[in-house]
Amino acid sequence: MAEKKIIAVTGATGAQGGGLVRAILQDASGGFAARAITRDVNSDKAKALAQLGAEVVAADIDDVESLKRAFGGAYGAYCVTFFWAHFSPEKELAEAKAMAEAARYVGLRHVIWSSLEDTRRWVPLSDSRMPTLMGKYKVPHFDAKGEANQAFTALNLPVTILLTSFYWDNFIHFGMGPKTGPDGRLAITFPMGDKKLPGIAAEDIGRCAYGIFKRSRDFAGKTVGIAGEHLTGAQLAAGFSRALGQEVRYQDVPPEVYRGFGFPGAEDLGNMFQFKRDFEEYFCGARSIATSRSLNPALQTFAHWLDQNKGRIPTG
Ligand SMILES: NC(=O)c1ccc[n+]([C@@H]2O[C@H](COP(=O)([O-])OP(=O)(O)OC[C@H]3O[C@@H](n4cnc5c(N)ncnc54)[C@H](OP(=O)(O)O)[C@@H]3O)[C@@H](O)[C@H]2O)c1
């Protein structure tokens, strides 16, 4: 049998990378092997991946030499940064550059860069519709990822720029689930008006990425956007009402109110939702559900994801 193509996966113990490692391992005859990258090969999550059959190696995306070692001998790499671990767009940019440099150094045949839009292309810093944050960004956790595309393309890497979507898992882990309002009723709150929010089960991002690696020839050099569904706040709320068996309302708030909620990242997310609301046609258009399903035939709908996860969603 031909030797398996190794995919080196950053963030392997997390949402995106974990989905990819599991997708590779679940397809034993697919011709790929998973190399899970972690800073701590002895963590429970790392050991669980080893148990599933992944090769587990240590590297830190802040350390280019460790990345060169971790990428060595691989066919491809999945590259992702972790904004919410440090809140620094400059750090994300430097990490993307390190991953691109390591990919070039070892001569990878296909790289997926988990990116998002540089919203400043649509909303320049001079545009007063939304405040400029951290001195030179509109949506810091988007803008640096978009800016970092260049780190990969400038090195002529065979890169697929992957535009991901809002994880529905944020309803579990990011404090965005239904909350009881002063009227005693449950509501989800977004500044999206009646516009559609592309969303996805986080696990499906890795599964789509696996579909991209399987079709390298079609997707190297391309930008691909993925989503499970495009749903309005009202449709998300209706999904919750059905799954939870009690009414959940959608509460629309102006972006400036959302920016003022005061939790870490509220301004960034307020601007992000405003961008998605004001550029709905572009943003949804860039994330084709049909393409996502062709990459990942098991792509979940919101209803399906809710049925699997409703017991894990904190409400109250
Ligand atoms: N939440 C959303 O809706 C959403 C939507 C689109 C895009 N995103 C983006 O997704 C990115 C995060 O991806 P994720 O959700 O898959 O992350 P995650 O689940 O938080 O996983 C992070 C993993 O990355 C590893 N890690 C952290 N710092 C590292 C470093 N310096 N070097 C090597 N590994 C490191 C950690 O593993 P070890 O501890 O094992 O090293 C951790 O398990 C963010 O940049 C965010 O902007 C999020």
Side-chain angles (χ1 to χ4, degrees), residues 10-11 13-18 61-62 79-96 113-125 127-149 162-179 181 187-193 195 197-202 205 227 231 233 236 250-280 283 287 312-316:
T10 59
T13 56
Q16 296 189 24
I61 63 167
D62 293 318
C79 298
V80 55
T81 48
F82 313 102
F83 180 86
W84 303 107
H86 48 67
F87 291 77
S88 165
E90 284 79 18
K91 201 167 157 77
E92 280 196 294
L93 203 49
E95 292 169 340
W113 162 232
S114 177
S115 189
L116 287 164
E117 283 80 358
D118 183 342
T119 65
R120 297 167 296 184
R121 272 183 57 204
W122 289 264
V123 190
L125 295 186
D127 192 322
S128 59
R129 258 179 298 185
M130 56 177 79
T132 293
L133 303 176
M134 299 181 179
K136 53 177 178 170
Y137 302 100
K138 287 299 186 184
V139 184
H141 80 285
F142 269 51
D143 296 349
K145 290 187 181 72
E147 190 176 332
N149 294 349
L162 182 67
L163 299 174
T164 59
S165 286
F166 176 89
Y167 310 171
W168 293 321
D169 306 66
N170 293 334
F171 293 124
I172 304 173
H173 305 297
F174 224 87
M176 291 188 182
K179 296 207 177 35
I188 50 169
T189 302
F190 295 107
M192 287 292 295
K195 303 299 187 205
L197 175 67
I200 193 162
I205 296 176
L231 297 172
L236 289 165
Y250 166 53
Q251 179 173 263
D252 178 36
V253 292
E256 50 275 24
V257 169
Y258 197 95
R259 284 191 280 270
F261 278 164
F263 62 84
E267 287 182 300
D268 189 330
L269 291 176
N271 281 7
M272 174 195 80
F273 285 122
Q274 184 175 349
F275 173 72
K276 293 178 182 183
R277 182 195 73 177
D278 294 351
F279 298 91
E280 179 203 32
F283 198 78
R287 288 161 171 77
R312 302 168 63 211
I313 299 169
T315 55

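Shortest non-hydrogen contact noted between E92 and P140 is OE1-O, 4.3 Å. Contact record, G262 with A266: N-CB, 3.8 Å, taken as the closest heavy-atom pair. Between V123 and M130, the shortest heavy-atom distance links the atoms CG1-CG, 4.0 Å. Scanning all heavy atoms of the two residues, the minimum distance from A15 to Y167 falls at CB-CE1, 4.0 Å. Looking at every heavy atom in both residues, D252 comes nearest to Y250 through OD1-OH, 3.4 Å. Considering every non-hydrogen atom in both A148 and W113, the closest pair reads CB-CZ2, 3.7 Å.
One distance of note links CD of E117 with CZ of F283; it measures 5.0 Å at 0.5 Å rounding. Note: F83 CZ to F142 CZ = 11.0 Å, rounded to the nearest 0.5 Å. Going from atom CZ of R277 over to atom CG of L197 covers 13.0 Å, rounded to the nearest 0.5 Å. Distance check: L163 CG to S115 OG gives 6.0 Å after rounding to the nearest 0.5 Å. Once rounded to the nearest 0.5 Å, the distance linking CG of D268 with NZ of K138 reads 12.5 Å. Rounding to the nearest 0.5 Å gives a distance of 9.0 Å between CE of M272 and CG of L116.
There is no side-chain donor-acceptor pair under 3.5 Å between T81 and E95. Checking Q274 against Y258 by side-chain atom types alone, no donor-acceptor pair falls below 3.5 Å.
In terms of the side-chain hydrogen bond (donor to acceptor under 3.5 Å, both in side chains) criterion, T10 has no residue partners (sequence neighbours excluded). Residues passing the side chain to side chain contact (heavy atoms under 4.5 Å, CB included) test with P131, sequence neighbours excluded: L133, R259, N271.
With contacts defined as side-chain heavy-atom distances shorter than 4.5 Å, the pair P178/I313 qualifies. Inter-residue side-chain proximity for F166 and F174 is flagged as unmet; no heavy-atom pair is nearer than 4.5 Å. The shortest side-chain heavy-atom distance between I200 and I205 falls under the 4.5 Å cut-off. Contact of the P89 side chain with the M134 side chain is registered, since non-hydrogen atoms from C-beta on lie closer than 4.5 Å. Under the 4.5 Å side-chain criterion, counting only non-hydrogen atoms from C-beta, T189 is in contact with F261.
Between W122 and F275, the ring planes lie perpendicular to each other; the angle is over 60°, past the 30° to 60° tilted range.
Checked against E147 for a salt bridge (Lys or Arg N to Asp or Glu O under 4.0 Å), the options R121, K136, R120 give a single hit: R120.
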Taking it one step at a time, do T119 and F279 satisfy side chain to side chain contact (heavy atoms under 4.5 Å, CB included)? CA-CA 10 Å; T119 65; F279 298 91; over 6 Å; no
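Not a single donor-acceptor pair under 3.5 Å links the side chain of Y137 to the backbone N or O of D118.
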